[in-house]
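The block underneath contains the structure these notes are about, expressed in structure tokens.
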Protein chains: 2
Amino acid sequence: MHSDLVASVRRFNRTVTQRVGALDDEYMARGRPLAQARLLWEIGPDGAEVAAVRARLGLDSGYLSRLLRNLENDGLVTVGPDDQLGGDGRVRVAALTESGRAEWTELDKRSDELAWSILEPLTAQRRQRLTSAMAEVERLLVASMVVIEPCSPNDPRARACLRAYARDVARRFDDGFDPALSTPVRDEQLIPPAGVFLLATLNSEPVGCGAVKLHPGTPAEIKRVWVADTVRGLGVGRRMLGELEEYAAERGWTAIRLDTNRNLTEAIAMYRSAGYREIERYNTEHYAHHWFEKRLRPPRTSGSRGHSDN
Amino acid sequence: MHSDLVASVRRFNRTVTQRVGALDDEYMARGRPLAQARLLWEIGPDGAEVAAVRARLGLDSGYLSRLLRNLENDGLVTVGPDDQLGGDGRVRVAALTESGRAEWTELDKRSDELAWSILEPLTAQRRQRLTSAMAEVERLLVASMVVIEPCSPNDPRARACLRAYARDVARRFDDGFDPALSTPVRDEQLIPPAGVFLLATLNSEPVGCGAVKLHPGTPAEIKRVWVADTVRGLGVGRRMLGELEEYAAERGWTAIRLDTNRNLTEAIAMYRSAGYREIERYNTEHYAHHWFEKRLRPPRTSGSRGHSDN
DNA sequence: TGCATAACCTGACTTTAGTCAGGCATCATG
DNA sequence: CATGATGCCTGACTAAAGTCAGGTTATGCA
């Protein structure tokens with residue numbers, strides 16, 4: 001039963017939102033409306049594009065505009081066009097003025113103070129224990145914030161992942177990575193019903209991807225599994241694998257396979273521990289040294305939405 | 001330097017207020033104003049006195065009244081006089097109606113769902129790790145939320161602690177505890193400048209106490225150190241001791257002592273580990289078996305009691 | 001070139017949240 | 001039984017937060 005796990009999460013939520021949530025706002029505000037303070041903080045000493053800030057804070061466009069005007073009137077920020085050469089003339093960039101920067105520094109200081117006010121009443125030993133437990137909670141919360149969902153391989157975020165993937169493997173393969181030598185995967189093969197491309201995001205930032213090709217009559221094939229190193233070790237790869245398998249299984253496939261390079265040792269370990277078994281070469285991929293396969297169990301419940309192929 | 005400790009707390013604050021704080025509010029609200037939802041939740045299925053709720057949520061009296069009226073108009077709660085026999089005619093009790101109870105159950109369910117939505121993406125092993133880390137964080141945050149401050153020994157909260165103290169020792173001493181046999185401590189002896197009474201509170205609930213008598217010409221004397229078992233093991237006793245010592249030291253005392261019963265073994269261990277050394281009997285307290293003393297270091301100059309490292 | 005669209009702004013609004021001063025019963029106390 | 005305190009309520013207010021429906025300008029694309 002998960003009820004005791006759920007209960008501890010709830011107790012945690014309660015204590016923490018009380019202590020951290022409430023104080024955090026209070027420390028942040030400094031007489032100024034909270035929304036303004038947050039905005040100021042989010043712009044940061046290096047400035048930021050208005051659209052980016054809006055996305056991060058999830059604000060209404062009109063509301064944000066008004067908040068910026070207020071900060072501008074207070075002489076804390078300036079909003080101007082994107083100075084970059086060839087920049088988009090529509091996007092505007094918010095930057096802190098001298099006194100805005102001072103204010104930001106103050107907020108930064110207060111944030112330190114808040115943190116310290118939590119640690120201060122504790123002994124050195126307990127401080128240590130608290131911070132390690134916090135780090136653990138934070139890591140695992142981040143892990144649970146990663147969302148995996150289907151996405152077009154044309155999507156700019158998908159493109160970014162695929163570029164990062166190519167860069168990564170180029171670095172790890174013995175002889176670099178030349179796409180021309182590798183068996184190409186066309187986008188159409190990763191678009192339903194031929195296959196699917198899954199994107200992993202953390203706060204809508206892309207942090208991983210994976211795809212599966214569903215070619216009738218042959219096992220499903222996994223391609224392009226990549227995880228950003230910012231979230232490595234949090235089980236994202238494993239989840240991605242699971243979702244891809246589930247996708248294939250739901251559509252009637254009973255086996256799934258993949259090829260991989262001998263240098264990707266963690267990936268290989270992950271495949272093995274996820275139930276993949278090494279098989280004979282089944283393709284002519286130039287960069288592959290190992291081939292793996294896993295039998296898929298038919299999905300549990302009703303929803304038999306597929307294809308009885310294979 | 002504690003900068004890395006502070007940095008982890010800050011990272012934690014950020015992640016947690018984002019993930020837990022924001023979602024918690026959203027889950028709670030359900031279309032209704034958040035304040036009303038919170039109030040409804042706080043009243044709970046068993047009802048609650050208006051004053052108690054106000055204290056817990058820290059709301060303005062007028063504001064709370066209005067919120068209650070709104071909930072009443074929505075048919076979710078009823079506010080009536082205290083039904084209890086001989087109850088105070090001024091205090092009013094809020095109780096949930098049938099549909100208020102349904103709403104509360106719904107909130108309870110959503111709270112479970114929120115918790116589960118955090119656990120769900122994780123593997124069983126990570127769920128386990130997350131919940132234990134959360135429990136650790138929560139315990140230590142609670143520890144850091146305990147506030148210790150001077151208080152009159154007449155204060156009802158102080159009285160409650162002293163009663164609890166008497167109850168505790170009566171249970172632990174070999175032959176019970178008869179105040180008449182014990183050397184009495186008069187309240188005046190615990191009021192500055194003759195001494196001080198310190199109260200430990202958690203969310204303004206009393207959870208511990210301690211006192212020191214400052215009799216000129218003799219060492220300071222610690223009395224009545226007690227900690228509620230809800231917060232035992234969190235270092236509250238140790239902090240209390242430290243504050244009492246600091247109080248005496250700041251006023252020029254260079255030694256502090258206390259007596260204790262042989263059955264209070266954890267207390268004795270704490271005194272030893274806090275630097276107290278056993279000495280000869282110095283009083284005729286009926287229930288005492290051990291006497292301890294500690295030399296006090298003169299306080300650091302100036303009022304800089306900020307970030308005392310270590 | 002024209003047209004849909006994106007990024008941002010403005011004005012006009014509503015709802016929430018919260019404060020403050022005073023009022024009216026009830027209670028505790030001398 | 002007068003007096004002040006306590007617990008709750010009402011009215012009158014303010015500020016903050018957020019929404020919505022247009023507008024303006026710049027871009028991307030056929």
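By convention in this document, chain letters (A, B, ...) are assigned in the order of the sequence lines, proteins followed by strands, and residues within each chain are numbered from 1. Atoms considered below: every heavy atom in the structure, side chains included; atoms not considered: hydrogens, waters and symmetry mates.
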What is the separation between atom [atom1] on [X] and atom [atom2] on [N], rounded to the nearest whole Å?
| X | N | atom1 | atom2 | answer |
| --- | --- | --- | --- | --- |
| B/Asp88 | C/dT29 | CG | P | 12 Å |
| B/Asn70 | D/dC9 | CG | P | 12 Å |
| B/Arg90 | C/dC27 | CZ | P | 7 Å |

Taking only Lys NZ, Arg NE, NH1 and NH2, and the carboxylate oxygens of Asp or Glu, determine whether [X] and [Y] approach each other closer than 4.0 Å.
| X | Y | value |
| --- | --- | --- |
| B/Asp187 | B/Arg159 | yes |
| B/Asp25 | B/Arg38 | yes |
| B/Asp60 | B/Arg54 | no |
| A/Arg10 | B/Asp108 | yes |
| B/Asp24 | A/Arg14 | no |
| A/Arg157 | A/Glu149 | no |

Q: Could you list by number each residue of residues 43-54 of chain A showing a heavy-atom separation from DNA chain C of less than 4.0 Å, or answer none if no residue does?
A: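 Of all residues in residues 43-54 of chain A, the ones placing a heavy atom under 4.0 Å from DNA chain C are A/Val50, A/Ala51, A/Arg54.
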Q. Any idea how A/Trp104 and A/Trp41 line up, ring-wise: parallel (<30°), tilted (30 to 60°), or perpendicular (>60°)?
A.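 Ring orientation of A/Trp104 relative to A/Trp41: parallel.
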Output a table of nitrogen or oxygen pairs between the protein and nucleotides 17-21 of chain D separated by less than 3.5 Å.
none

Q: Please determine, for the side chain of B/Arg69, which listed nucleotide (D/dC8, D/dT10, C/dT10) has the closest atom?
A: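 Of the options given, the side chain of B/Arg69 lies nearest D/dT10.
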